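Presented below is the structure to which this report refers.
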Amino acid sequence: MQNNLFIYNTLSKKKELFIPIHPPFAGIYVCGPTVYGDAHLGHARPAITFDLLFRYLLHLDYKVRYVRNITDVGHLENDADEGEDKIEKKARLEEKQPMEVAQFYINRYHLLMNKLGVLPPTIEPLASGHILEQAKLISTLIKKGFAYKTESGAVYFNIKEYQRKYESYGRLSGRNLDDLYSNTRILQGQSEKLNSFDFALWKIADSNHLMKWNPYPFRNGYPGWHLECTAMSTKYLGKKFDIHGGGIDLLFPHHECEMAQSFAAYGKDSVKYWMHNNLITINGQKMGKSLGNFITLEQLFKGSHPLLNKDYSPMTIRFFILQSHYRSLVDFSNESLLAAESSLTKILKAIEIIKKIKPSNTSTLDINSLNNKCYEALNDDLNTPVLISCLFEGVKYINSLNEGLDKINSDDIETLKNLMNTFVFKILGLENEKNNDKDEPFIEELIDASLNIRQIIKLNKDWSTSDKIREELNKIGILIKDRKNDVGWERE
RNA sequence: GGUCGGUUAACCGAGUGGCUAGGUAGCGGUCUGCAAAACCGUUUACGGCGGUUCGAAUCCGCCACCGACCUCCA
């Protein structure tokens, strides 16, 4: 298949044609969660955005290696390079081993992502499992003169030195080092650093610290946060790989530091395309753990949050997120979730209806051009809102065919079926949550039988009895649709 | 304060210098024994003020408001 995929590169601030470094392979690295709490709506966005990218690249026949890490060490609670490790704090509060906390939330994360139809990445590395790789990277950086060891044994990245040699710190996030000088907060306990914005590569653990390692030549400590992504992406994708993704809130300082580390260590850019998804807001404010204004996915699925009017299914959430472009801000509201629910139902219904459409000798619809429009939408930086509008055009076609207002030949009907199935299920990753009954054929026969009897009653114009049957079936969730010459039904 | 981004109809949400995005909700109609569904039609759009242009919601400038990052955050 001809690849015409353009993606917006944060580094160049332009949409660029996606040309992988080693076709037919494509390498993606996405920053995954820090596992110290349940995933909330905000976590669903990058997971779904890059799941879409993963699915589309697979559909385009790329051999995709998709690495999404788990941060289970090194992410500190408070100010830069100070404060307590997030996972360790949770462990202390819950009287558990840090690895127990991490494992618990890893399991939860997998469960929730699975519900959202997010495919597992092909590699899901843990930061704690790559201490040696991180130590080796620190040694390289020290050897090349971009990192320094302090008296206590901690190691920091020397941004000033990096800037002197390469003049490229701030390139990704559009930051200017002089501004950083004047704007960076002076934090307590940073006397060891040469400059306030130098970031930690290796931290020394105090006596209470539970998670500590001794990878030669560093001891009694743990790695800094930015380090893991460089170490693990290099290990699994190489020193230069295709796509690095993550939330836009990670752009600075995390990705900027990552980029600097890699460049310093290997003398070249490690990433060809940087992609950033936008955030989800709630009442116009970023949904975030530290702000405490988040709604967890579990709460959404159960409707158990004061701001929720009802429960929303995982597929409603997925569709809600895909309805906006990944680089746009999305504001949470019951109204838009409700709208997403109705819209998705409409699409899924049409996909059921198309199975029953009978072909004609001719077509009055241009299915091929619709097919092209779908690809054009995705190729334009994964423009899912436009893709969805095209799919609604397909829905319109299907309903119109069902009404007998349009005609379609058997080739076109296959194309249309294939188009809807491919884009809705395979690429957008949506699922029909209602179609999971094992005894469905039996139920169908049962309902068909009762409706056949009702048709006889209707012929006798016994409206009250036929209405009664409709009412009774409706009570158990069956919706009757009387038509001119026959009758249809569906589950509510 | 610095940097960056946004402001589209009731709500959500794309987009282009001139041609109906789409969805949800509402209203009217067709169909139906009735209802539902479906179909058809339809309602106040492009934050404000200037400028460029034959023409701007789309380009430029200024202003207002909102947000993100500058600390951990997806």
Side-chain angles (χ1 to χ4, degrees), chain A residues 13 30-34 37 39-50 75-83 86 170 173-176 178-180 182-185 187 197 225 245-254 256 276-281 284-291 294 319-320 323-325 327-331 333-344 346-347 349-350 353 377 380 383-393 395-396 398-400 402-406 458 461-464 466-467 470-471 474 479-484 488-490 492:
Chain A
K13 291 187 163 54
V30 173
C31 292
T34 303
H40 60 69
L41 184 56
H43 293 100
R45 191 139 197 221
I48 290 171
T49 298
F50 294 105
H75 214 158
L76 302 177
E77 181 70 15
N78 280 310
D79 295 324
D81 307 328
E82 291 303 317
K86 291 188 169 192
S173 60
R175 234 142 278 242
N176 159 336
D178 292 333
D179 293 341
L180 287 175
S182 49
N183 287 320
T184 304
R185 290 193 304 162
L187 300 165
F197 40 74
W225 174 39
I248 201 168
D249 51 346
L250 297 178
L251 182 56
F252 189 89
H254 184 52
E256 192 70 59
H276 292 94
N277 62 275
N278 215 319
L279 307 176
I280 293 181
T281 60
Q285 261 222 322
K286 172 184 170 180
M287 186 180 286
K289 253 177 187 147
S290 48
L291 291 164
F294 58 90
F319 190 78
F320 167 71
Q323 253 185 327
S324 5
H325 187 255
R327 285 191 287 115
S328 301
L329 218 51
V330 168
D331 195 50
S333 76
N334 279 284
E335 258 185 319
S336 22
L337 279 167
L338 220 50
E341 192 176 67
S342 305
S343 305
L344 177 58
K346 194 169 169 180
I347 292 175
K349 271 186 188 173
I353 290 169
D380 184 16
N383 197 330
T384 51
V386 168
L387 170 63
I388 289 170
S389 86
C390 294
L391 293 174
F392 271 107
E393 204 164 319
V395 169
K396 203 170 179 177
I398 292 165
N399 288 327
S400 168
N402 194 37
E403 293 287 321
L405 299 172
D406 274 297
K458 278 177 70 185
K461 295 193 195 294
D462 180 358
W463 307 126
S464 69
S466 78
D467 285 356
R470 184 165 66 194
E471 197 184 306
N474 192 244
L479 203 68
I480 306 303
K481 295 192 285 191
D482 283 314
R483 296 143 61 87
K484 210 164 193 171
W489 63 273
E490 66 187 35
E492 275 181 320

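All values below were derived from every heavy atom in this structure, side-chain atoms included, with hydrogens, water molecules and symmetry-related copies excluded. Numbered from 1 within each chain, the chains take letters A, B, ... in sequence-line order. These numbers come from a predicted model, not from an experiment.
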- Message: Going by centres under 5.5 angstrom and planes under 30 degrees, do the aromatic ring of A:F392 and the base ring of B:G22 stack?
- Response: no
At 4.0 Å (heavy atoms only), tell me whether A:D482 reaches a base, stays on the sugar-phosphate, or touches nothing. base
Distance below 4.0 Å between A:K286 side-chain N/O and B:G67 OP1 or OP2 = no
- request: Could you tell me whether A:D467 contacts a base, only the sugar-phosphate backbone, or nothing, with contacts defined as non-hydrogen atoms closer than 4.0 Å?
  value: base
Next item on the list: Just call it for A:I480: base, sugar-phosphate, or nothing, with non-hydrogen atoms closer than 4.0 Å on any strand.
Entry: base
Hey, does A:L291 reach any base, or is it just sugar-phosphate, or nothing, if we go heavy atoms under 4.0 Å? nothing
Worksheet item: When you check the phosphate oxygens OP1 and OP2 of B:A14, does a side-chain N or O of A:N383 lie under 4.0 Å from one of them?
Response: no
Per-residue pairing states of RNA chain B in dot-bracket (Watson-Crick or G-U under 3.5 Å; . unpaired, | other strand) read (((((((..(((.....[...))).(((((.......)))))....(((((..]....))))))))))))....
Applying salt bridge (Lys or Arg N to Asp or Glu O under 4.0 Å) to A:K481 and not counting sequence neighbours gives A:E490
So A:T49, base contact, sugar-phosphate only, or nothing? Heavy-atom distance under 4.0 Å.
nothing
Of the listed B:U24, B:C72, B:G33, the closest approach to the A:P253 side chain comes from B:C72
Within the structure shown, what part of the strands sits under 4.0 Å from A:H325 by heavy-atom distance: base, sugar-phosphate, or nothing? sugar-phosphate
Per atom distances to the A:S328 side chain, the nearest of B:A14, B:C69, B:C11 is B:A14
> Under 4.0 angstrom, heavy atoms only, what part of the nucleic acid is A:L251 near: base, sugar-phosphate, or nothing?
Replying inline: nothing
- What does A:K481 touch in the nucleic acid at a heavy-atom separation under 4.0 angstrom: a base, only the sugar-phosphate, or nothing? base
Ranking B:A38, B:A35, B:A25 by distance to the side chain of A:E403, first place goes to B:A38
Closest of B:A74, B:A37, B:G33 to the A:R470 side chain is B:G33
Sorted by chain and number, sequence neighbours left out, ring-ring contact (aromatic ring centres under 6.0 Å, His included) with A:H40 holds for A:H43, A:F294
Can you check nucleotides 3-6 of chain B for protein contacts, nitrogen or oxygen pairs under 3.5 Å, and list what you find?
unit_1	atom_1	unit_2	atom_2	d
B:U3	O2'	A:G174	O	3.4

Please work out if A:S290 contacts a base, only the sugar-phosphate, or nothing of the nucleic acid, heavy-atom cut-off 4.0 Å. base
Sequence neighbours excluded, the answer for side-chain contact (heavy atoms from CB on, under 4.5 Å) partners of A:D482 is A:R454, A:Q455, A:K458, A:R470, A:I480, A:V487
Residue set satisfying salt bridge (Lys or Arg N to Asp or Glu O under 4.0 Å) with A:E341, at least two apart, ordered chain then number -> A:K310
*Establish, from distance only, whether the side-chain atoms of A:S328 and A:N278 form a donor-acceptor pair under 3.5 Å.*
no
